[in-house]
Amino acid sequence: MSKILILDFGSQYTQLIARKVRELGVYSEIVPFNTPVARIRKKAPGALILSGGPRSVYEKGAPLPSPGVFELGLPVLGVCYGLQVMAHLLGGKIVPSGKREFGFASLKVLDRKGLLAGVRDKRQVWMSHGDKPERVPPGFRVTASTPNTRVAAVEDRERRLCGVQFHPEVIHTRDGNKILANFLFRVAGLEADWNMASFIKRKVAEVRAAVGRGRVICGLSGGVDSLVTSLIIHKAIGDRLTCIFVDNGLLRKGQYHELMENFRRKFSLNVKGIDASEEFLGKLRGVIAPEKKRKKIGGLFIEIFEREAKKLGGADFLAQGTIYPDVIESNPVKGPSSVIKSHHNVGGLPKGLRFKLIEPLRELFKDEVRALALELGVDKGFITQHPFPGPGLAVRIVGEVDREGLDILREADDILLHEVRRAGLYRKLWQAFAVLLPVRSVGVMGDRRTYQRVVVLRLVQSTDGMTANWFPVPAPLLARISTRIVNEVRGINRVALDVTTKPPGTIEWE
Ligand code: XMP
C-alpha cells in the first residue's frame, strides 16, 4: 500500500495535509519532525512531506529533521518551513522576508513539467511566512514566483525533491489539490490505493489474524466509533465478538432502549445489555470534583467489562473505538505538554489491564470513520448525531449526581433537543444540551412561591470541538424552550443561557 510520512514541524495545518493526502487516495501518517531515519525506513513510506512550522531555520534550537533524511532516496515535498529547512540543509540560503507575507498571492508558473503540471497562471495561493529562500541549493531550480517571493516553488527533478513556499493544503490555494496530487502521482509515482472498501478488507484480515480462535468484547458507547469498531470485528469473527452496552443511568432519555434495538435488529450484533445504573449512582454518591467523577465512571466501566469477560469464560481482547487524532504523537515543537492525548472514551485505561487491546480505527480521521460507517450500512441520522461525552450526564450535573437530578436533567434535555430539531437547527450545531446547576432560585408559579433548580442551555457551533462559538439562538425559539422546560419539568423554575466561547470556556461544564 502506498504511504506518505509527514514530518511535523508544528504547523497548524499538519493534520490538514494528512487528510488531503488521504482524500487523494494515499495513506498518510504524521510523525515528529526529528523521527530517526531508521524508524522512517522501517515505516517504508513511498515519499515524505515536511510540514510548515512556526520557527525560523536560523533561530537557535530550530527544529531540524534527523540527519540523512535527504539521503534516503525518497521523494520529498517541503511546505513553507519544510521547504526552508530543506533549502537550508542542502546548501541554499534562507533570509527573513523584508515584509512578512500572510494571505493571498498570485502565482506565476515558470515550469510546468513536474509539481506544477496543469496549474494555471495567476492562480491564487495562500502564503503565511516570515522567511524565504534567497538562494536555492545546487541542483534545484525555481519553478514559480509571486510578486513578493521570487522563490515560491523549487524542484530538483533528479533527486525528486521539491518545495513550495505557500500552503497547497489550505482551501485558499486554488490549485492546491492538483499540486499535492502531482507530488503523489507524478513526482513520487505512488498509487491511489487508500479507500474505505480496501480498508475494511485489510482490517478484517488483521483482526482475524490477531484474534485467532479467541474472544473479543467491545463496549458500545452509543457513538459512531464504537459501533463501527464492532461492525468490523463482527465481520471478522462473527459471534465470538460480544458487545456490551452498559446502562450507566447517565444516558439521555430513551437512549438505552433505542440504541439496544438498533444494535440488535439492524446490525445483528451479539449485544449484552447491562443495567448498572444503581452501581454507577452508588460510586458517584458524594463525589463533587469533575475529574474524580470521570475516574470513578471509567474505573467502573472496566470493572464491568472484566466481570462480563469472566462470565463469558474469558475474553482475551478488548476492542476500543480509538481514532487517529487520539493517538497522533504530537511533535515536540509545541513542548512536551502536548505529547499523546489520553484516550477519554472510557476515562483512561487502568494499569495492569488484563485484556489485549484491539483498535481497528486507530489510523482513521473522524470523516473517514463516518465514510466507513456509511459503507457498513449505518444510517445518516446516526452518523451525524451530536457528540455525547463518555461520562454522560454526570458531567452535566454540576456538583453531586443523584437520581432526582438525572431525571430532571433528562426531561429538560429532551425538550431542548426536540425543539432544536423542530426548528431545523440540529445539523447546524455541534452540540445542544442542558446543564443542571446545584443552585436554587425563588420563583412564583400560579400563586405559589417556588424554590427550585436552574438549568443552563448550551448550544454551540464547532468544526472539531477544539474551539467553539455559542450559537445566537433566535429569541422565539429560546422562549419556547424556556417556557416548556419551566412548565413541564418538575423541579426547575429557571432557565439560563450560556454565552461563553471556547476558549476560554470549554463546551461541557465539567
Ligand atoms: P470540552 O468540554 O473539553 O469538550 O470542550 C470537547 C468535546 O469533547 C466532548 N467531551 C468528552 N467526550 N469523554 C468523551 O467521550 C469525555 O470525558 C468528554 N469530555 C468532553 C464534549 O462533549 C465535546 O464535544
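These values consider heavy atoms only, across backbone and side chains, with no hydrogens, waters or symmetry-generated copies. Counting starts at 1 for both ligands and their atoms, in listed order. Along the sequence shown, the residues carry numbers beginning at 1.
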Check: [Y] main-chain N/O paired with [X] side-chain donor or acceptor under 3.5 Å:
X: Ser482; Y: Val495; result: no
X: Glu169; Y: Lys20; result: no
X: Ser462; Y: Gly465; result: yes

Considering only heavy atoms, which of [options] lies nearest to [atom]?
atom: atom 16 (C) of ligand 1; options: Ser221, Gly223, Pro391; result: Pro391
atom: atom 7 (C) of ligand 1; options: Ile507, Ile297, Thr467; result: Ile507
atom: atom 3 (O) of ligand 1; options: Glu291, Lys502, Glu508; result: Lys502

Subject >> Arg215 NZ/CZ over Phe317 ring centroid, <6.0 Å and within 45° of normal >> reply: no
**Study point:** Atom CG of Leu497: over 12 foreign heavy atoms under 6.0 Å
**Key:** yes
Partner of Trp194 under side chain to side chain donor-acceptor pair (under 3.5 Å), picked from Glu368, Glu363, Glu23, is Glu368
Which of the numbered atoms in ligand 1 are under 4.0 angstrom from any heavy atom belonging to [X]?
X: Thr506; result: 1 (P), 2 (O), 5 (O)
X: Gln431; result: 21 (C), 22 (O), 23 (C), 24 (O)
X: Pro389; result: 11 (C), 12 (N), 14 (C), 15 (O), 18 (C), 22 (O)

Notebook entry, point to check: With a 4.0 Å cut-off on heavy atoms, does Trp509 reach ligand 1?
Noted result: no
- Message: If you apply the rule side chain to side chain contact (heavy atoms under 4.5 Å, CB included), what do you find for Tyr426 with Val420, and how did you get there?
- Response: CA-CA 6 Å; Tyr426 186 84; Val420 162; 4.3 Å; yes
N or O contact, Pro387 vs ligand 1, cut-off under 3.5 Å: no
Within the structure, does Phe388 bring an N/O atom to less than 3.5 angstrom of an N/O atom in ligand 1?
-> no
